*Asks:* 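Quick one: structure below, then a few questions.
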Amino acid sequence: MEPALLRRIARTISTVENQAAGHEDILGEAYRLRRWADVIGITGPPGAGKSTLLDALTAHWATAGERIAVLAIDPSSPYSGGAVLGDRIRRQRSAGMDNVYFRSLSSRGHVGGLSATATDLVAVLSLFDFRRVIIETVGAGQADVEIHELADCTIVMTVPGLGDGVQAAKAGLMEIGDLFVVNKADMPGADSAARTLEGALSAAYHGHPGVNRRNDRTAPARPAPAVAISPGLAALRRRHGDPGHDDLTWVPPVMQLSATEGRNVGELAKAIDVFVDWSAQSGRRAARGRERAYAQLVRALSGLLLAPYVRAAGAEELPAVIKPWIERIAEGNASPAEAARALLGRTGK
Ligand SMILES: Nc1nc2c(ncn2[C@@H]2O[C@H](COP(=O)(O)OP(=O)(O)OP(=O)(O)O)[C@@H](O)[C@H]2O)c(=O)[nH]1
Ligand SMILES: [Mg+2]
């Protein structure tokens with residue numbers, strides 16, 4: 001990308017982040033785009049090789065001429081400041097590549113939460129013709145859960161010797177994966193880790209890995225397990241389809257690769273495309289989009305509704321409209337719920 005374009009992207013993003021003049025027009029345009037960049041989330045335990053894979057995938061797509069953005073979530077530890085980020089992000093292959101844009105994002109201090117900010121960022125990057133946005137998260141903590149609401153495709157990564165995938169199950173990662181990767185396949189134990197993961201997945205999914213069509217002759221003729229449906233299984237079926245009802249369902253594949261050697265990275269890139277296509281065809285992408293829109297609308301509404309009552313950041317003074325009610329509550333002359341109803345009645349006029 002030319003320096004002028006890079007500056008324009010940076011300027012546009014800052015305008016939106018700082019809610020400076022013109023940010024509403026930019027978002028207005030971005031949210032009217034028919035299709036955004038595909039958001040690829042990479043998650044897994046610390047040290048699994050997420051950054052190395054992110055770098056390899058980015059280089060793979062950028063070499064093919066695609067414009068790729070990388071969003072790095074800085075954990076903002078109060079102890080280490082931002083210094084951790086430099087260590088966590090390895091960009092050997094994609095660094096300096098022309099069509100790669102890199103942006104770090106602190107996990108703290110976002111009005112309306114990290115995913116609100118990240119969603120706006122994806123929208124804005126889509127204005128600049130980015131084909132994909134890749135996000136790495138550690139797979140633990142609230143920030144990660146939020147980011148997964150945004151991902152169009154989530155890659156869950158594990159490595160041999162972590163108790164063979166049990167670790168992933170424990171961390172609640174089994175539920176969010178669209179694709180599973182056993183990284184460091186250049187080391188012993190990858191086969192057994194992959195088999196254990198496949199075993200765990202086959203207990204919840206029906207069919208062969210990848211796209212399954214109803215009456216698919218290649219799918220093993222195995223009846224769907226006749227167990228009572230747990231909330232977890234119900235969530236998986238909402239996400240990947242129910243073989244009893246849907247024409248198109250998805251069974252997450254387990255792939256072995258070596259991010260450092262670049263082995264199977266091209267195959268993973270292909271699998272991501274297959275999943276994203278399935279997701280669009282089966283209506284899952286649209287369904288996720290509606291869930292996202294719902295969460296964003298609720299956030300936007302609460303922001304607007306609360307604005308007259310919220311104390312400005314750093315200010316001592318309470319907004320005049322709520323002062324008398326604060327006194328009444330503090331003196332035992334009204335309950336908070338009564339005060340809230342009275343205040344809303346007032347603004348409703
Ligand atoms: N042998 C081998 N080592 C790998 C592979 N992929 C990554 N590594 C190494 O594993 C270590 C951690 O890699 P990172 O990519 O930083 O892992 P990460 O998951 O991003 O780590 P955090 O961000 O700290 O959670 C580095 O020393 C990598 O070189 C692989 O395929 N094989
Ligand atoms: Mg990392």
Side-chain angles (χ1 to χ4, degrees), residues 37-45 48-61 66 68 70 131-139 144-145 147-160 162 164-165 167-169 171-185 190-191 193-212 219 232 235-241 248-259 262-282 284-285 287-288:
D38 295 340
V39 179
I40 318 288
I42 303 182
T43 192
K50 300 179 291 294
S51 302
T52 313
L53 177 63
L54 184 151
D55 182 51
L57 270 176
T58 305
H60 175 85
W61 282 319
E66 287 183 26
I68 308 292
V70 175
R131 171 83 198 277
R132 306 182 208 257
V133 177
I134 317 183
I135 306 180
E136 169 187 343
T137 62
V138 193
D144 292 280
V145 176
I147 287 300
H148 292 304
E149 294 167 10
L150 176 58
D152 295 301
C153 176
T154 298
I155 300 167
V156 170
M157 195 176 216
T158 185
V159 283
L162 271 190
D164 286 345
Q167 206 70 20
L173 293 174
M174 296 301 288
E175 279 98 29
I176 60 170
D178 299 314
L179 297 161
F180 288 82
V181 158
V182 177
N183 189 35
K184 310 199 185 183
D191 275 336
R195 272 198 305 275
T196 313
L197 263 179
E198 279 162 357
L201 288 167
S202 72
Y205 289 93
H206 174 65
H208 60 80
V211 181
N212 284 261
L236 281 187
R237 289 192 174 168
R238 264 200 310 281
R239 202 177 172 93
H240 291 143
L248 279 176
T249 59
W250 175 261
V251 177
V254 177
M255 308 182 72
Q256 297 185 38
L257 59 84
S258 166
R263 198 202 301 172
N264 264 349
V265 170
E267 280 67 18
L268 176 63
K270 271 187 223 142
I272 292 170
D273 283 339
V274 172
F275 176 75
V276 170
D277 283 349
W278 169 81
S279 192
Q281 279 174 37
S282 63
R284 304 285 140 175
R285 187 183 174 106
R288 284 192 197 185

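Computed from a predicted model, the values in this text were never measured in an experiment. Heads up: numbering here begins at 1 and tracks the sequence.
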*Asks:* Can you see which heavy atom on Asn212 is nearest to which on His208, and at what distance?
*Replies:* ND2-O, 2.7 Å
*Asks:* Using only atom types and a distance under 3.5 Å, with no angle test, would you say the side chain of Asn264 pairs donor to acceptor with the backbone of Gly262?
*Replies:* no
*Asks:* Using every non-hydrogen atom in the two residues, find where Thr249 and Gly241 come nearest and quote the distance to one decimal.
*Replies:* CG2-C, 3.7 Å
*Asks:* Locate the shortest heavy-atom distance separating Phe275 from Asp152; write the atom from each residue and the value.
*Replies:* CE2-O, 3.1 Å
*Asks:* Distance from Ile134 atom CD1 to Ile272 atom CD1, nearest 0.5 Å?
*Replies:* 7.5 Å
*Asks:* Hey, does Pro209 have a side-chain heavy atom less than 4.5 Å from the side chain of Val254?
*Replies:* no
*Asks:* Grab the two heavy atoms, one from Ala259 and one from Ala56, that are nearest each other, plus how far apart they are.
*Replies:* O-CB, 4.2 Å
*Asks:* Is the positively charged end of Arg284 above the ring of Trp250, judged by distance under 6.0 angstrom from the centroid and angle within 45° of the axis?
*Replies:* no
*Asks:* Is any side-chain heavy atom of His240 less than 4.5 Å from a side-chain heavy atom of Asp178?
*Replies:* yes
*Asks:* Mind checking the CG-CE spacing from Leu197 to Met255? Nearest 0.5 Å is all I need.
*Replies:* 13.5 Å
*Asks:* Check whether any side-chain N or O of Lys184 sits under 3.5 Å from a backbone N or O of Gly49 as a donor-acceptor pair, and report yes or no.
*Replies:* no
*Asks:* Any side-chain heavy-atom pair from Thr52 and Asn183 closer than 4.5 angstrom?
*Replies:* no
*Asks:* Report the distance from atom CD of Gln256 to atom CG of Asp191, rounding to the nearest 0.5 Å.
*Replies:* 4.5 Å
*Asks:* Give, for atom CE of Met157 and atom CG of Leu53, the distance between the pair rounded to the nearest 0.5 Å.
*Replies:* 4.0 Å
*Asks:* Please report the interatomic distance CD1(Ile176) to CZ(Arg239), rounded to the nearest 0.5 Å.
*Replies:* 7.0 Å
*Asks:* Step by step, work out the side-chain contact (heavy atoms from CB on, under 4.5 Å) result for Arg131 and Trp61.
*Replies:* CA-CA 9 Å; Arg131 171 83 198 277; Trp61 282 319; over 6 Å; no
*Asks:* How long is the straight-line distance from OG1 of Thr43 back to CD1 of Ile135, given to the nearest 0.5 Å?
*Replies:* 11.0 Å
*Asks:* Flag the pair Arg285 and Asp38 as a salt bridge only when some basic side-chain nitrogen lies within less than 4.0 angstrom of an acidic carboxylate oxygen.
*Replies:* yes
*Asks:* Which pair of heavy atoms, one from Pro160 and one from Val182, lies closest together, and at what distance?
*Replies:* CD-CG1, 4.1 Å
*Asks:* For residues Pro252 and Leu201, report the shortest heavy-atom separation together with the two atoms involved.
*Replies:* O-CD1, 3.7 Å
